[in-house]
2 protein chains.
Amino acid sequence: MQTKEKILAAALKLYNNKGINTITTRHIATSIAISPGNLHYHFKQTDDIIKTLYDRLATEFDDLMQALEALPLVDLAVLRSFSRSSIEVAYKYRFIFLHFVEVATRIPTIRTHYKSLRARRETEFKAMFKKLIQNGTFRNDLPGEVWDELVTQIFIVGDFWQSNNELSGRLTGDKLMMQYEQTISAMFFPYLK
Amino acid sequence: MQTKEKILAAALKLYNNKGINTITTRHIATSIAISPGNLHYHFKQTDDIIKTLYDRLATEFDDLMQALEALPLVDLAVLRSFSRSSIEVAYKYRFIFLHFVEVATRIPTIRTHYKSLRARRETEFKAMFKKLIQNGTFRNDLPGEVWDELVTQIFIVGDFWQSNNELSGRLTGDKLMMQYEQTISAMFFPYLK
DNA sequence: ATAAAATTAGTACATTTGTTCTAAAATTAG
DNA sequence: CTAATTTTAGAACAAATGTACTAATTTTAT
C-alpha cells in the first residue's frame, strides 16, 4: 500500500476510535512508523486528511444513491436495503458523524458540500414518498407537511444515530448497525397503509 | 454578579457561539477582563466549567420533568408545552448538544450522568405512551416494538436537532426553536388515533 | 482597626502541536 | 549508469494552552 493510503487508513482507524481532537498527526505517523515530515509531505495540512476522508464518504454515498435511482421501482424492500447500505458506509466513516458539527466548522468546504448534497437528497426523498403514496404503499390521509417533517426526522436520525449510540448504547459493529436498521425502518411503520 | 457567575456566563456565550475547541480559558478570561490566574482560582480545571454548565442543564431539565409528573393528566397540549420548554433549555445550553460526543468523552461523569438520566426518561416516556394509548389519544393497532423505536427516535431528534440545524439550516433563536417544535410534534402525528 | 481569609493580576513553565526546512535515501526516467 | 525526481527522516520553530506560583490587593470577621 502506498504511504498516502496507509496514512488515510491509519487516520480513519484512529479518528474512529479516539475522535478527531485527541489524535494528532504525530499519532497517525507513529502508528504506521513514518516520520511527521513524511506525513506532511503527503498532506500539507492536517485538515486535508479529514477532507479526503469526507470526500470518500461522499463518493460512496453518491454511488448508493445512483444505484437506487437506477432501479425501475422502489418498494419497501428496496428502501430497507438502501438503508442498510447507508448504515454500513456511515459506520465506516463514523468519526465524521460523531463530530459532524466540528468537522463542518473546521472545514468550511465540507459544510458547503453537505448542504447541497442534503438539498438534493431532500427532493429525492420527497419525490420517492409521493410515488409510494400513489402506489398505495404509504397512507394518503396525512397532510403534506407531515411528509416534509418526516424527511427532516430521517436526516437527523440518519446522521446522528451513531452519536446517540455513543452516548447511551455503546454497541459496536454488526450489533450496532442491526439495531439502527430497525430504528430507521420503524420510522416508516406508522406511515404504511 | 460574582466573578464565578461571570465566568460561567461568558463561557456559555463563547462556547455556544464558537464551540468548545476554539475557545480557551484565556478567551473567557479576556472577555470579562479578568486574569487567567483569577479564572483558574475559581475553576481549577477548564473542564470544571463545562461540568458546571452541564449540571445546570441537567437541573433545568429535571425541573421540567418534575413539573410534568406533577400534572394530573397528560394530553397532547401538555406534551407540546413540555416539548417547547425542553427546546428552550436545550437552546440555552446548545454547545453541549452541538458537541455532545466530545463533551461526554472529555468528561466521563457527564456520560455516566446522561446514561442514567436517559434510562429514567425512557421508562417515563414508555409509561406515558401506554396511558395515551389507553385513553384513546394514540393508536392501539401498532406492535409494541414500534413504540420503543419511537422513544429512541425522540431522543435522537431531541438531542441532535440543533446539530442538524448547524449543518443545514443555520436558523437562530425563535425561528429555530419554532421550526423544531413543529418537527418534534410532527413525530407524534401518525401515531394519533 | 487589625488580623485572617479570599480574591485577583501577572508571570512563568512545561507540553503539545501544526508546520517548515534540510539533507539523505530511494525511486524513476532517459 | 547517471541525472532528475520523489520520498523520507529528523530536527527545529513558533504559537498556543493548561496550569501553577507568587505577590499584591480586597474583603471579611472580630
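Below, read A as the first sequence line, B as the second, and so on, with proteins coming before strands; counting in each chain starts at 1.
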- Message: Looking at Thr24(B), I'd like to know whether one of its side-chain N or O atoms comes within less than 4.0 Å of OP1 or OP2 on dA16(D).
- Response: no

- When rounded to whole Å, the NZ to P distance for the pair Lys44(B) and dT19(D) reads 9 Å

- Message: Rounded to whole Å, please give me the gap between CG in Asn38(B) and C1' in dC21(D).
- Response: 15 Å

- Item | Quiz item: cation-pi between Lys4(B) and Phe43(B), 6.0 Å / 45° | yes

- Under 3.5 Å side-chain donor-acceptor pair for His27(B) and Thr30(B): no

- Query: Does the separation of the ring centres of Tyr191(A) and Phe129(A) fall below 6.0 angstrom?
  - Reply: no

- Message: Does dT8(D) have its OP1 or OP2 closer than 4.0 Å to a side-chain nitrogen or oxygen of His42(A)?
- Response: yes

- Glu124(B) and Arg120(B) ion-paired at < 4.0 Å: no

- Task: Assert yes or no for the condition that the ring centre distance of His113(A) to Tyr54(A) is strictly below 6.0 Å.
- Result: yes

- Whole-Å distance, Leu39(B) CG to dT19(D) P, equals 10 Å

- Message: When you measure from the centre of the six-membered ring of Phe155(B), is the NZ or CZ of Arg121(B) closer than 6.0 Å and no more than 45° off the axis?
- Response: no

- Task: Specify the separation, in whole Å, of atom NZ of Lys6(A) and atom P of dT7(D).
- Result: 14 Å

- Query: Roughly how many Å is it from NE2 in His40(B) to C1' in dT22(D), rounded to a whole number?
  - Reply: 17 Å

- Item | Interatomic distance, Ile28(B) CD1 vs dA16(D) P [rounded to whole Å] | 17 Å

- Tyr114(A) six-ring centre to Arg111(A) NZ/CZ under 6.0 Å and within 45° of normal: no

- Message: Below 4.0 Å from chain A heavy atoms, what is the first contacting nucleotide of DNA chain C and what is the last?
- Response: dT17(C) to dT20(C)

- With DNA chain C as reference, determine whether Thr46(A) or Lys4(B) sits nearer its 5' end, using the nearest nucleotide of each. Lys4(B)

- Separation of dT19(D) atom C1' from Asp47(B) atom CG, nearest Å, is 13 Å

- Query: According to the Watson-Crick and G-U wobble definition with distances under 3.5 Å, which dot-bracket string, read 5' to 3', encodes DNA chain C, using [ ] for crossing pairs and | for pairs with another strand?
  - Reply: ||||||||||||||||||||||||||||||

- For the salt bridge (Lys or Arg N to Asp or Glu O under 4.0 Å) test, which of Asp55(A), Asp47(A), Asp48(A) pairs with Lys51(A)? Asp55(A)

- Round to the nearest Å and state the distance from Arg26(A) atom CZ to dA12(D) atom P. 13 Å

- Query: Closest to the Ile34(A) side chain: dT19(D), dT8(D), dA9(D)?
  - Reply: dA9(D)

- Item | Salt-bridge present (Lys92(A), Glu60(A); N to O < 4.0 Å) | yes

